[in-house]
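Below is one structure; the comments refer to it alone.
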Amino acid sequence: MTTVLGIETSCDETSAAVVVDGTDVQSNVVASQVDLHRKYGGVVPEIASRAHIEQLDSVVEEAMAVAGCSKETLDVIAVTNRPGLAGALLIGVTGAKTLAWAWGKALVAIDHIEAHAHSPAIELEESPWPAVGLIASGGHTSLFRIDGPTQIVRLGATTDDAAGEAFDKVAAILGLSYPGGPEIERLARDGDPESVNFPRTMLGHDSLDFSFSGIKTAVLYHVHGHGRTSGGLEKLLARDLADIAASFQQAVIDVLVRKTMLAVGKTGLSTVLLGGGVAANKPLRETLAKACAERNLTFHAARPAYCTDNAAMVAALGYHRFRKGDLAELDLDAYPTGFKIRG
Ligand code: KG4
Ligand code: ZN
């Protein structure tokens, strides 16, 4: 039995989790900072770092207590050390190194995107690999070929904004609060997804890369008039806003689903995995599930609690890296933009 404590502080959630043998999640405590950042319309790095410092100790303590885990029964400490906000990552990495040193535990470094890619596999009874993985979050949107928990190859990625970033920016255009994804999803329920034909940017029929900055501009001009960036929002009725939200959401979903099916066609794989904050979006989950069912593909979406940032995915992947002997030393550093997929 291997018990792993996971620590995640890459952006605006302070999280700690205890996972046994990579699949048995005994605790997953998430202290969200969204209330602190909301009035600024996005994450403020300095505020995020300070909140991580204030909350990390108690979040770790609670995760250990809920799991009934003591420093004697713990084997490994896994921590996100890339990519993310520099100061935010550093708090988690420093905390994890301190605990690993003080308690004499093995230390494992985890790539945040790889952890998201692993999240649909947590708690599955059977290994889902090999699979195509679609990971859509606030910082990244990528397609992967995943042959195992530590064998992941990127097939395509966004060339500009991430899907979640587009949700957040369009929410701001529509006067909704941060984070925008859940707000757009809620508003879209009352709208007609076919009312506005927003662009589906495919970057060529064969590309597995994404581009979401054009649709953000299309929504901006739809709201204010072509070439204008203000003055239009006040003229819209609640019904118009719902239609815009639904049409935008549908356009993003169409692109994500089409590209994922293209990746399935290119790789010949028959399993699709979905993770990342945007994977919490119910219409996306349903549309991708339907597309998979029509093609007889197996589909696993991460549980909503494991879609947005959480330490369960860090601890679960940490188990597999530990088993592989991939240990970090106490000079482990944080790499804000270092996106490195290791085979
Ligand atoms: O994975 P995550 O928590 O953080 C990053 O690694 O970036 O993803 C956060 C992103 C935000 O952009 C947020 O608006 C989006 O995920 N998001 C959603 C939903 N819930 C969160 N987007 C669409 N629909 C949702 N229900
Ligand atoms: Zn994330």
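Remember, it's 1-based here, ligands and their atoms both numbered in the order they're listed.
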Nitrogen or oxygen atoms of F167 and ligand 1 under 3.5 Å apart: no
With Q55, the side-chain contact (heavy atoms from CB on, under 4.5 Å) member among T14, T9, V29: T14
The one among A171, G275, G277 that brings a heavy atom closest to atom 16 (O) of ligand 1: G277
Sub-4.0 Å heavy-atom approach of H112 to ligand 1: yes
Criterion side-chain contact (heavy atoms from CB on, under 4.5 Å) against D111, the qualifying member of H118, R82, R321: R82
Heavy-atom nearest neighbour of atom 18 (C) of ligand 1 within options P83, G181, A280: G181
Whether C11 lies under 4.0 Å from ligand 1, heavy atom: no
Parallel, tilted or perpendicular, as decided by the 30° and 60° cut-offs, for the rings of H112 and H116: perpendicular
Identity of the nearest option to atom 12 (O) of ligand 1, non-hydrogen atoms only, from D168, D12, T141: D168
Co-members of the apolar cluster containing I7 [side chain, <4.5 Å]: L5, V18, I53, L56, V60, M64, L74, I77, V79, I91, V93, L99, W101, W103, L107, L330, L332
Distance criterion under 2.8 Å: protein N/O/S atoms around the Zn ion (ligand 2): 3
Enumerated ligand 1 atoms positioned under 4.0 Å from heavy atoms of H116: 1 (O), 6 (O)
Atoms in ligand 1 flagged as close to G164, the criterion being non-hydrogen separation under 4.0 Å: 12 (O)
